[in-house]
Amino acid sequence: MRVLQGTGVSPGVNVGKPINIERTLDFSITATISLDEGIKELTAKYKSIIEKYNSSSREIEAEVLEAYILILNDSELTNSLSELNEANLEQIYDVFLEQSEVFKQMDDEYFQQRSEDIEAIGKELIFTLQDISIEFDADVPQVIFANELTPNETSSINLNLVKGFVVKEGGPTSHAVIVAKNYGIPCILGISIADFDIDNAVEVIINGSTGELTINPDESSLKIVEDYKKTITKQLESYTEENLKKLGIELRANIGSTDEIKSFKDSLIKSVGLFRSEFLYIEESTEPKLDSLINSNNLLNEKFEKTIVYRTLDIGGDKQVDYLNLPQEENPFLGVRGVRLTLENRQLFETQISSILDSNINGKVKIMFPMVATLEDFQEAKEVVFSVADKLGSEIPKIGIMVETPSVAISPEIFIDEVDFFSIGTNDLLQYSFAADRGITSLNKYHDALNPSFLKLLHNIINTANQNDIEVSVCGDMASDTEGAYMLYVLGLRIFSLAPSQAPAIVSSLLKAKEVLKNINIKEILSQKNSQSVRKFII
Ligand code: PEP
Ligand code: MG
């Protein structure tokens, strides 16, 4: 048995036979069709795959291929190709490599990743000219290995039989990873067949969460996989509408990228509990225009039927945006971030508020401000919403705050006459409570949300909100963690905003919490001295 470490990019654990589907370019094989015919044939292939994708709601993959067609038929590229000797396939491929290099040099990560796509298209064109197609005949569970995986390749594979992808090259948003995530297939990046002897590898375990690849696993590793699968099956069985009702809970989604909106499918989650709007700004190289912000909101509206908790820009701290030219701060987490920053940049703030009030989400949106530390922060930000709503003649939505600074967590009662809701940001609240930067792994012992002093803070917020009939939810990672959510349920929380993929595990955990709820003594939990002893209360 041997364990190799890659980067897990699509979660899940499976066992399968390793299969190498890598086709290597061999320029000595001559073309069987002309370059023009090759481009037409590959374009037609992509179009037929797009049709297949569109008929099975795989819009994101279809969009990637639409872009492939544009690149392949780009006039600059076809002009460069037409000047070449068609028989020289290496020269044809070099044109794609040169284009790809241009993209690789760009600062923007999005364009850097597109450079891989251009190379993949070049390769596909050479294979098409040579009439080489992928041979894939899977009748046993297989873990697919390749240097990279092109859309043509993934579409030729019967994905229902694939137990995993191990891809040497490619970024987390490359085509293969999107396919893997959509199908729930574990995927690891950064390991190649050159790293082990594939001919003597009978079986592998792929763990797409940890990035571990176990070659020829022993009995005990296989047993762990079996147990893991049984747990997952059980969790999925208990993830039902009926159980949500029984628990008296509402689940909402945390959304932090356009891909997450597009690929979201979970019929039990109808609301967004945290829309991390800053990704709309971080992904761009210039400030996004009102129209594009409105379009994103409309997309969100199409996917989610009910409440959308829209968090206004939370820039600063670990989230930086070059074009805003923010001053360097020695302690950015304690600096001008979140609502402090938007209050100092009125035009930016007002444009964002306009985009919310002027889009289709108005009606079900709730506006939430991040990093509020005082009542004045909230009042000032609320005034901005009022004045924009007045200008636009829009209705004023519900307005609330993230509870993520200790000053608010200690005295939430200060806000109860003014806010419509609280949403607890346990990630920041933890780092500020324990004075431990959330990004420093070696400080993980201070990032334990089950610490009784932290639970006291949470209990205070949840109680104050419940007693005053104010909506309270948790949108920090604690709500996506089985132990964390268990304890939040015990403390009286009923709205969990989480990473959608964690929902079945959370519901299973809450069902256990419900069983013991009557006999549990909250005071006793809160009087423990450390998180280890709090854990003993979790069954
Ligand atoms: C939090 O702080 O808990 C939170 C949800 O916000 P973010 O992680 O985006 O800072
Ligand atoms: Mg936060």
Side-chain angles (χ1 to χ4, degrees), residues 251-258 260-261 269 271-283 307-321 326 329 331-342 352 366-373 377-378 381 400-409 412 421-441 443-444 446-451 454-455 457-458 461-462 465 471-481 483-485 487-488 491 493 495-503 506:
L251 297 183
R252 296 178 179 173
N254 285 356
I255 295 289
S257 72
T258 309
E260 281 174 26
I261 305 175
I269 301 182
S271 299
V272 175
L274 170 64
F275 182 64
R276 288 187 159 100
S277 67
E278 50 281 357
F279 79 84
L280 299 170
Y281 295 72
I282 293 171
E283 279 175 4
T307 309
I308 291 170
V309 180
Y310 190 115
R311 177 172 77 183
T312 58
L313 261 180
D314 187 18
I315 299 285
D318 53 344
K319 303 157 190 154
Q320 293 294 331
V321 177
L326 304 174
E329 293 173 329
N331 276 314
F333 276 118
L334 302 178
V336 184
R337 61 167 293 202
V339 76
R340 300 174 188 174
L341 185 136
T342 44
Q352 184 171 46
K366 294 184 179 184
I367 295 181
M368 173 161 80
F369 305 125
M371 278 298 291
V372 167
D377 283 348
F378 176 66
I401 57 170
M402 291 205 59
V403 182
E404 52 185 350
T405 57
S407 60
V408 178
F421 63 93
F422 291 121
S423 185
I424 310 173
T426 49
N427 308 337
D428 276 314
L429 189 55
L430 252 181
Q431 78 161 343
Y432 295 128
S433 302
F434 291 87
D437 187 328
R438 63 194 266 188
I440 300 181
T441 321
L443 295 180
N444 272 355
Y446 299 108
H447 302 147
D448 192 338
L450 294 192
N451 185 297
F454 192 62
L455 294 182
L457 273 185
L458 297 176
I461 308 158
I462 296 169
E471 176 183 300
V472 59
S473 60
V474 167
C475 62
D477 286 355
M478 189 177 178
S480 301
D481 173 80
E483 289 183 336
M487 206 39 84
L488 288 168
L491 295 180
L493 188 87
I495 306 178
F496 296 77
S497 184
L498 39 67
S501 61
Q502 298 309 307
I506 295 303

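All residue numbers in this chain count up from 1 along the given sequence. Whatever order the structure lists ligands and atoms in, that order sets their numbers, starting from 1.
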Nearest protein heavy atom with distance in Å, relative to [atom]:
{"atom": "atom 5 (C) of ligand 1", "result": "Arg276 NH2, 3.4 Å"}
{"atom": "atom 8 (O) of ligand 1", "result": "Arg438 NH2, 2.7 Å"}
{"atom": "atom 6 (O) of ligand 1", "result": "Arg311 NH1, 2.9 Å"}

Rounded distance (nearest 0.5 Å) linking atom OG1 of Thr312 with atom CZ of Phe275 =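 Output value for this atom pair is 12.0 Å.
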Straight-line distance of Leu429 CG to Phe434 CZ, nearest 0.5 Å |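 Reported value, rounded in 0.5 Å steps: 9.0 Å.
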Between Leu313 and Tyr281, what is the shortest heavy-atom contact and its length?
->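 Scanning both residues completely, I find the closest heavy atoms to be CD2-CD1, 3.5 Å.
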Closest non-hydrogen atom pair, Arg438 against His447 |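 Shortest heavy-atom separation between Arg438 and His447 comes out as CA-NE2, 3.8 Å.
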Which N/O/S atom belongs to Glu404 and is the closest one to the Mg ion (ligand 2)?
->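 Per the distance ranking, Glu404 contributes OE1 as its closest N/O/S atom to the Mg ion (ligand 2).
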Name, closest N/O/S atom of Asp428 to the Mg ion (ligand 2) |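 The atom in question is OD2.
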Any chance you could lay out the salt bridge (Lys or Arg N to Asp or Glu O under 4.0 Å) test for Glu471 and Lys366, step after step, and finish with the verdict?
-> CA-CA 11 Å; Glu471 176 183 300; Lys366 294 184 179 184; 2.6 Å; yes
Has ligand 1 got any nitrogen or oxygen that is less than 3.5 angstrom from a nitrogen or oxygen of Asp477?
->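 No, no N or O pair falls under 3.5 Å.
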Quick check: does Asn427 get an N/O under 3.5 Å from an N/O on ligand 1?
->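 Looking only at distances, the answer is yes, because the N/O contact criterion of under 3.5 Å is met.
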For [X], take its heavy atoms, then give the atoms of ligand 1 lying under 4.0 Å from any of them.
{"X": "Asp428", "value": "1 (C), 2 (O), 3 (O), 10 (O)"}
{"X": "Glu404", "value": "1 (C), 2 (O)"}
{"X": "Leu274", "value": "5 (C)"}
{"X": "Cys475", "value": "5 (C)"}
{"X": "Met402", "value": "4 (C), 5 (C), 6 (O)"}

Is the distance from the Mg ion (ligand 2) to the nearest N/O/S atom of Asp314 under 2.8 Å?
->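 For Asp314, the answer is no, given that no N, O or S atom comes within less than 2.8 Å of the Mg ion (ligand 2).
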Candidates Ile401, Asp314, Thr342 - the one meeting side chain to side chain contact (heavy atoms under 4.5 Å, CB included) with Pro370 =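 One option only clears the test, and that one is Asp314.
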Hey, are the side chains of Ile315 and Ile282 touching, using non-hydrogen atoms and a 4.5 Å cut-off?
->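 In short, these two side chains touch, coming nearer than 4.5 Å.
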If we only count heavy atoms from C-beta on, is the Phe421 to Ser473 side-chain gap below 4.5 Å?
->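 When only atoms from C-beta onward are counted, Ser473 and Phe421 do not touch, as no gap falls below 4.5 Å.
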Can any side-chain N or O of Thr307 pair as donor or acceptor with the backbone N or O of Ser271 at less than 3.5 Å?
->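 A pair under 3.5 Å: no.
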